[in-house]
Protein chains: 2
Amino acid sequence: MKVVIIGAGNVATVLGRKLLAANHQIIQVFARIPEMANALATELKATACNNWSGIDKKADFYLVAISDNALEEISDHLELNEQLIAHTAGAVSKEVLRGISDNYGVFYPLQSLRKEMKVDPEIPIVVDASNKKSLQLLKEIAGSISSQVDESKDEQRLQLHLAAVFVSNFVNHMYVQSEKYCQSHQLDFKKLLPLIKETAGRVQNYSPASVQTGPAIRFDSITIEKHLQLLNADPSLKRLYELLTKSIQQVG
Amino acid sequence: MKVVIIGAGNVATVLGRKLLAANHQIIQVFARIPEMANALATELKATACNNWSGIDKKADFYLVAISDNALEEISDHLELNEQLIAHTAGAVSKEVLRGISDNYGVFYPLQSLRKEMKVDPEIPIVVDASNKKSLQLLKEIAGSISSQVDESKDEQRLQLHLAAVFVSNFVNHMYVQSEKYCQSHQLDFKKLLPLIKETAGRVQNYSPASVQTGPAIRFDSITIEKHLQLLNADPSLKRLYELLTKSIQQVG
């Protein structure tokens with residue numbers, strides 16, 4: 001399939017590489033910053049473009065991986081001849097693409113993607129479309145780069161995006177808080193890396209609710225009190241500890 | 001080395017297996033519940049014991065992996081002839097073992113250990129002791145089953161334990177909340193497993209602070225507002241979302 005990639009950030013880069021590796025032809029990369037368009041275009045053996053009017057209209061599929069804000073305005077800039085177009089955002093309706101083509105949809109990677117990734121992670125892809133034909137096409141494209149393809153409407157995709165925030169952004173924030181605490185107490189955060197790996201690894205096979213451990217779930221008030229004593233010097237971290245402890249005790 | 005294991009729970013079991021695999025001889029397993037003592041003793045090719053007076057006094061090393069509460073009372077039950085004894089608790093002072101022997105200390109695995117583990121995780125071990133000779137011995141024993149052995153005094157070990165609560169117990173709670181949300185909205189939590197793996201995998205190589213992503217760190221109020229709308233039906237989850245979002249925005 002002939003593909004135009006709109007965007008040159010992390011998502012555009014990783015999905016672009018995947019599509020190229022799956023033998024699609026990337027004919028063009030669009031980005032408003034010429035250097036970014038050029039860099040990704042070179043990597044994907046495509047031409048670069050940095051103005052909307054220059055977008056090649058002869059592709060079969062237009063993949064839009066730009067910021068949510070930029071997405072809201074894309075229909076002001078682009079009009080296609082009924083070719084398939086899809087965006088990659090979890091929290092934006094597919095309807096932002098209405099008006100560009102009758103064949104539009106969503107191609108949402110349920111994964112955290114970064115250019116510098118060396119190991120190829122599994123990337124579940126959630127698709128949605130304006131009509132059956134487009135949905136079928138998006139499923140085929142997604143299937144060419146992922147073994148996990150699912151369909152979700154806008155609201156369900158937003159719910160998935162919210163669930164993802166908990167297991168990714170909020171989890172990483174726990175790592176950040178722990179790292180920060182370690183730094184301020186001359187502890188080596190790296191010592192915790194095997195535990196981080198094991199905690200994430202365990203829920204690959206067990207329900208998280210069945211493997212909750214620690215002083216909170218045991219209602220071990222002696223240990224909790226010791227921890228709170230340590231946290232007296234850091235009121236906001238102490239409050240976070242208290243709230244999460246309470247949340248664990250309420251939810252199980 | 002001849003070892004007596006006191007306790008037959010998760011930590012006793014996993015460390016017992018490791019010690020046996022490292023060619024130590026487990027001569028006895030003590031647990032108050034006979035069935036538990038028997039089960040682990042059989043696995044470790046040791047004799048079982050379920051009363052304190054029956055503990056074999058001819059071992060070189062006594063490893064105590066029992067609950068924090070039980071630890072506080074152990075010196076009422078046991079007296080040794082200067083052999084080495086160490087407990088495995090992160091949040092309990094080594095001094096609870098004072099009086100049992102002059103040679104006592106801590107052998108704290110900085111890992112979440114469960115009997116049903118199939119894959120052998122890396123287990124950093126943090127040691128502490130009442131004197132140099134005991135410290136040296138504990139380091140050697142720890143070194144026989146782990147490539148990461150460190151020394152920490154009581155307070156520093158408690159701090160590590162607190163830092164571990166964030167990356168393990170609190171992280172798992174994020175998984176639990178996400179799983180619960182998925183269940184109540186007919187979403188398949190399993191779709192998030194690759195993302196969970198990637199999020200934990202990334203901080204093996206990058207500082208968590210450098211890889212924080214998501215609407216909170218981007219101050220993306222439109223997406224945050226969409227998420228909060230979804231959470232109107234669940235006030236306590238909504239409050240947790242708001243607090244974590246605020247915490248990310250404060251800390252970075």
Hey, is the main chain of L187(A) close enough, under 3.5 Å, to the side chain of Q156(B) for a donor-acceptor pair? no
Just so I know, are the side chains of P208(A) and F189(B) near enough to count as touching, which here means a heavy-atom distance under 4.5 Å? yes
Are the side chain of K226(A) and the backbone of A91(B) linked by a donor-acceptor contact shorter than 3.5 Å? yes
Checking heavy atoms, do the side chain of V171(B), its backbone, both or neither come under 4.5 Å from chain A? both
State, yes or no, whether a side-chain contact exists between P121(A) and K197(B) at a heavy-atom distance under 4.5 Å. no
Of all heavy-atom pairs between S178(B) and A163(A), which one has the smallest distance, and what is that distance? OG-O, 2.9 Å
Side chain of E179(A), backbone of S207(B): donor and acceptor closer than 3.5 Å? no
Would you name the heavy atoms of P124(A) and K191(B) that are closest together and state the gap between them? CG-O, 3.6 Å
In sequence, state the C-alpha distance, the side-chain angles, and the governing distance for Q177(B) and V167(A), and then conclude on side chain to side chain contact (heavy atoms under 4.5 Å, CB included). CA-CA 9 Å; Q177(B) 289 284 13; V167(A) 302; over 6 Å; no
Distance-only, no hydrogens or angles: does the Q212(A) side chain make a donor-acceptor pair with backbone N or O of N169(B) under 3.5 Å? yes
S112(B) OG to I196(A) CD1 distance, which is reported to the nearest 0.5 Å: 12.5 Å
Which atoms of I123(A) come close to chain B, meaning under 4.5 Å heavy atom to heavy atom: side chain ones, backbone ones, both, or neither? neither
Side chain, backbone, both or neither: which part of Q111(B) has a non-hydrogen atom closer than 4.5 Å to chain A? both
List the atom of M174(B), the atom of F170(A), and the distance in Å for their closest heavy-atom pair. SD-CB, 3.7 Å
For N172(A), is there any backbone N or O sitting under 3.5 Å from a side-chain donor or acceptor partner on R202(B)? no
Honestly, the part of V203(A) sitting under 4.5 Å from a heavy atom of chain B is both
Side-chain contact, heavy-atom cut-off 4.5 Å: L240(A) with L244(B)? yes
So what's closer than 4.5 Å to chain B heavy atoms on Q148(A): side chain, backbone, both or neither? side chain
As an exercise: rank E122(B), Q159(B), E198(B), H185(B) by heavy-atom pairs under 4.5 Å with chain A and give me the winner. Q159(B)
Against chain B, label L113(A) side chain, backbone, both or neither, depending on which of its atoms sit under 4.5 Å from a heavy atom there. backbone
How about E72(A) and I222(B): do any of their side-chain heavy atoms sit closer than 4.5 Å? no
Does the side chain of T213(A) come within less than 4.5 Å of R114(B)'s, by heavy atoms? yes
Quick one: of C182(B), S168(B), G214(B), who has the most non-hydrogen atom pairs under 4.5 Å with chain A? S168(B)
Check the pair L162(B), Y241(A) against side chain to side chain contact (heavy atoms under 4.5 Å, CB included), reporting the backbone distance first and the verdict last. CA-CA 10 Å; L162(B) 172 59; Y241(A) 181 99; 3.5 Å; yes
Within-4.5 Å side-chain heavy-atom neighbours: L243(B) and R239(A): yes
Please look at Y175(A) and chain B and tell me whether the side chain, the backbone, both or neither of the residue comes under 4.5 angstrom of a heavy atom of that chain. both
Would you call E116(A) and Y206(B) a side-chain contact if the rule is heavy atoms closer than 4.5 Å? yes
Test side chain to side chain contact (heavy atoms under 4.5 Å, CB included) on L230(A) and E155(B); report intermediate values, then the result. CA-CA 9 Å; L230(A) 289 182; E155(B) 193 186 354; 4.0 Å; yes
